[in-house]
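Every chain is numbered from 1, with letters handed out A, B, ... down the list of sequences.
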Amino acid sequence: MKRIGVIDFETTGLSPAQGDRATEIAIVVLEGSQVVDRFQSLMNAGVRISPFIEDYTGISNDMIRCAPPAGQVMAEAARFVQGMPLVAHNASFDQRFWAAELARLGTGASELPPFACTMLLSRRLYPQAGSYRLGSLAAFHALPPAGRAHRALADAEVTAALLSRIRSDIRAQFDVQEAPHDLLVKLQRSPRKALPKAIQAYFDALRDA
DNA sequence: TGCCAGGCCCTCTTTAGGGCCTT
């Protein structure tokens, strides 16, 4: 069964283009709906964490001082997910930091795998949810707690549980056998009303291939 | 709890603006 990597970054801020850096990464590997592997590490990028972010994430400057260099951690993370499609909540954020941190290693953005996004998918599948924050969606679906919110592994675990729920609901709601990663990437760009047609087109193309 | 950005999405829109989501 195809493995999917669910990724979450903690960072010093919102924008790598403005100099923000990753402070922690976690990757939870799903095989079907089962978690089969995990990767987690703090990383030291040599930048100072603001008091607001220390409070928000619980990751302090003292913790980062003892952490391995960011380049070393990112190289290990890249090896860990090699060939796996990736998923994140509000994936455009994690995708930017993934690309920016790997670019510092000399790894080209052309190697960037397509990310599926549990926030975009949730907006389409759960119009009644109200809020699409990770914590709100976890409460909406009564997902099991995974530890302190805004730490990378806890958030990656919750995102993985949300992803499993999304794939299960797609299978049930649209009466299909599977909801593979490339279907998710297509659906997250489809208008909500066009989901049935997009799913039909996806499986028609698979059958005709 | 805020600011910084970027992308999505809705509407009192489309020659635009503002809220949401990520840290």
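- Residues passing the side-chain contact (heavy atoms from CB on, under 4.5 Å) test with A/Ile199 are A/Ile170, A/Phe174, A/Val176, A/Leu183, A/Leu187, A/Phe203, sequence neighbours excluded.
- Here the separation of B/dC4 from B/dC9, taken at their P atoms, is 22 Å to the nearest Å.
- Remark: the separation of the P atoms in B/dG19 and B/dT13 is 16 Å, to the nearest Å.
- Within residues 187-201 of chain A, the residues that place at least one heavy atom under 4.0 Å from DNA chain B are, in residue-number order, A/Arg189.
- For A/Phe9, there are no ring-ring contact (aromatic ring centres under 6.0 Å, His included) partners, not counting sequence neighbours.
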Distances under 3.5 Å between protein N/O atoms and the N/O atoms of nucleotides 21-23 of chain B, please, pair by pair.
| unit_1 | atom_1 | unit_2 | atom_2 | d |
| --- | --- | --- | --- | --- |
| B/dC21 | OP1 | A/Tyr132 | N | 2.3 |
| B/dC21 | O2 | A/Asn90 | ND2 | 2.8 |
| B/dT22 | OP1 | A/Leu134 | N | 2.7 |
| B/dT22 | O4' | A/Asn90 | ND2 | 2.8 |
| B/dT23 | OP1 | A/Asp155 | OD2 | 3.3 |
| B/dT23 | OP2 | A/Tyr56 | OH | 3.3 |
| B/dT23 | OP2 | A/His150 | ND1 | 3.4 |
| B/dT23 | O3' | A/Glu10 | OE1 | 2.7 |
| B/dT23 | O3' | A/Thr11 | N | 3.0 |

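- Every residue two or more places apart in sequence or in another chain that forms a side-chain contact (heavy atoms from CB on, under 4.5 Å) with A/Val47 is listed here: A/Thr12, A/Arg21, A/Ala45.
- Comparing the P positions of B/dG18 and B/dC3 gives an interatomic distance of 14 Å, to the nearest angstrom.
- Looking at A/Arg96, its side chain never comes within 3.5 Å of a backbone N or O of A/Pro16 through a donor-acceptor pair.
- Summarising the geometry, the separation between CG on A/Leu121 and C1' on B/dC9 is reported as 15 Å, rounded to the nearest angstrom.
- A/Ser168 places no side-chain N or O within 3.5 Å of a backbone atom of A/Ser164 that could act as its donor or acceptor partner.
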Can you give me every donor-acceptor pair (side chain of residues 140-149 of chain A, partner residue at least two apart or in another chain, under 3.5 Å) with its distance?
| unit_1 | atom_1 | unit_2 | atom_2 | d |
| --- | --- | --- | --- | --- |
| A/Arg148 | NH1 | A/Tyr56 | O | 3.3 |
| A/Arg148 | NH1 | A/Thr57 | O | 3.2 |
| A/Arg148 | NH2 | A/Asp55 | O | 3.3 |

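- As rounded to the nearest Å, B/dC12 and B/dG17 have C1' atoms that lie 11 Å from one another.
- Comparing A/Arg124 and A/Gln18, the nucleotide of DNA chain B nearest to each residue sits closer to the 5' end for A/Gln18.
- Using C1' as the reference atom, B/dT11 and B/dT23 are 29 Å apart when rounded to the nearest Å.
- Here A/Arg21 lies out of heavy-atom contact (under 4.0 Å) with every strand.
- Annotation: side-chain contact (heavy atoms from CB on, under 4.5 Å) contacts of A/Phe80 (sequence neighbours excluded): A/Ile27, A/Val29, A/Asp37, A/Phe39.
- Applying the salt bridge (Lys or Arg N to Asp or Glu O under 4.0 Å) test to pairs two or more places apart or on separate chains, those with a residue in residues 163-173 of chain A are A/Arg165-A/Asp169.
- Contacts of A/Gln177 classified as side-chain contact (heavy atoms from CB on, under 4.5 Å), with partners at least two apart in sequence or in another chain: none.
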